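What follows is a single structure, written as structure tokens, with notes after it.
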Amino acid sequence: MKVYDKEMYNKQESIRTVIIFIVVFLLGFFAGYMAHSFNETHKPENTNSTYIMNYK
């Protein structure tokens, strides 16, 4: 015979919800960090180039 404990079930559900939020946050943080790192390593060296042309 199973005994249903509503209080225990509610605690388990709240713990599961918190763990899901933490995992989603960590995945988002990791993805943002990787995107930022990728963006930093692939920047053009000089975007404001000045060209001096000598006409003779």
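Basis for what follows: all heavy atoms, side chains included, without hydrogens, waters or symmetry-related copies. Computed from a predicted model, the values in this text were never measured in an experiment.
Under a 4.5 Å side-chain heavy-atom cut-off, the cluster of Ile, Leu, Val, Met, Phe, Trp and Tyr residues that includes Ile20 is completed by Val24. Val18 forms part of a hydrophobic cluster together with Ile22, Phe25, Leu26, judged by ILVMFWY side-chain heavy-atom separations under 4.5 Å. In the hydrophobic clustering, where aliphatic and aromatic side chains (Ile, Leu, Val, Met, Phe, Trp, Tyr) are joined below 4.5 Å either directly or transitively, Tyr33 groups with Phe30, Met34.
Residue pairs meeting the side chain to side chain donor-acceptor pair (under 3.5 Å) criterion with at least one partner in residues 17-31, sequence neighbours excluded, do not occur; the list is empty. The salt bridge (charged side-chain N to carboxylate O under 4.0 Å, His left out) contacts involving residues 12-34 comprise Glu13-Arg16, where partners must be two or more places apart or lie in separate chains.
By the side-chain contact (heavy atoms from CB on, under 4.5 Å) test, Leu27 is found to be paired with Val23, residues two or more places apart in sequence or in another chain being considered.
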